[in-house]
Protein chains: 2
Amino acid sequence: MKSAQSRQNTREALEKAKTYTISQLAALLEISPSTIRFYEEKGLISPERTKGNQRVYSSRNKARMKLILRGKRFGFSLDEIAEMIGLADEPKSELAQIEKSLAYIKGKFDQIAQSKKELDILEQDLLVISKKLEKRASELKKAQNKKPATSG
Amino acid sequence: MKSAQSRQNTREALEKAKTYTISQLAALLEISPSTIRFYEEKGLISPERTKGNQRVYSSRNKARMKLILRGKRFGFSLDEIAEMIGLADEPKSELAQIEKSLAYIKGKFDQIAQSKKELDILEQDLLVISKKLEKRASELKKAQNKKPATSG
DNA sequence: ATTAAAGTTAAAGTTAACTTTAACAATTGG
DNA sequence: CCAATTGTTAAAGTTAACTTTAACTTTAAT
């Protein structure tokens, strides 16, 4: 059983938890503050506010931002990402919403597995292309050596 | 040395090579014909034409389309893809252009390696989220069992 | 030969994901 | 305290990647 006392014990740690202003977080993630605000508008993150109404980001918020950016890098749209993370952090979400997010995520695992395979294929494709290019480049260089007198 | 004769020998095979109309290729790749035309406008593919001016796609063209779509799935922009494939198929390209493409591709290998790592992280993140969601869902179900009489 | 289906171009329209701007409020350093 | 910096919102602007449309041509099937 958790007493009020044992909760109190974590108070200091909680209060010490590192927070960020919007521009600090933006710098850290190498994106612009407006991008972060834009994601908030889309419902992807909900930072706390100071009494003066300025945004305060927790490390939890930061982790979520990282997840969003990671998803984006794999071509997921913001709407898809929103569905994936759903309201995972919000204890308010209803069963139906939770199960929807879960189903969505299950599908994403398959997509990720597929992505891994495709990355290998993409790598192979690029390897073939670069081999061709290298061959072509060395041929061109050889040709240049045989008649190096175009401008001399 | 390749004689005119030995070239002739491959004629039949070349003429038999499978080709596609724009809508056939589109169906195959599950994209729309206009998307393919759009990529052509951007210089990503250059199909042959019939005497009546309709586009004819070779399997080489098809392979390139697949590469483009694969690149896209990993968040590469069309411009980036254009730089990667450069004029790899075009024997006209100049040394400078070839070396530019090569340098570009070298960079992409690093990006792909990074992507592989990130896919693993993304997978882990989603795993954590889905565990949380499952826990939450089962809690909600338990609660529902205790008071199942809201509308009855 | 005729006509439906599929193709062509150029131009305008759409959508997602930001970015910029304007006008104003909060925070920080000297 | 006060100026510079950083923050706030709402709205308009931008860009990439398509999609749609219109007006017309080619191809395929009867």
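Throughout, a chain's letter reflects where its sequence line sits, starting with A, and its residues are numbered from 1.
- When heavy atoms are screened at a 4.0 angstrom cut-off, Ser34(A) is found touching base atoms of the nucleic acid.
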What does the list of N/O pairs under 3.5 Å between the protein and nucleotides 26-29 of chain C look like, with a distance for each?
none

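- Looking only at side-chain heavy atoms (C-beta outward), Lys62(B) and Tyr57(B) stay at 4.5 Å or farther from each other.
- Checking Gln24(A) against Leu78(B), the closest nucleotide of DNA chain D that is more toward the 5' end is the one next to Gln24(A).
- Bracketed by its first and final contacts, the part of DNA chain D lying under 4.0 Å from non-hydrogen atoms of chain A reaches from dT6(D) to dT9(D) in 5' to 3' order.
- Counting non-hydrogen atoms under 4.0 angstrom, Thr35(A) reaches the backbone sugars and phosphates but no base.
- Listed in residue order, the members of residues 67-77 of chain A having a heavy atom less than 4.0 Å from DNA chain D come to none.
- Annotation: side chain to side chain contact (heavy atoms under 4.5 Å, CB included) contacts of Phe38(B) (sequence neighbours excluded): Lys42(B), Leu78(B).
- Regarding contacts with the backbone of dT9(C), a side-chain N or O of Arg55(B) is found under 4.0 angstrom from either OP1 or OP2.
- The side chain to side chain contact (heavy atoms under 4.5 Å, CB included) test applied to Gln24(A) returns Tyr20(A), Thr21(A), not counting sequence neighbours.
- Listed by chain and number, the residues in a side chain to side chain contact (heavy atoms under 4.5 Å, CB included) with Ile121(A) are Asp125(A), Arg70(B) (sequence neighbours excluded).
- Residue Lys116(A) places its NZ atom among more than 12 non-hydrogen atoms of other residues, nucleotides or ligands, all under 6.0 Å distant.
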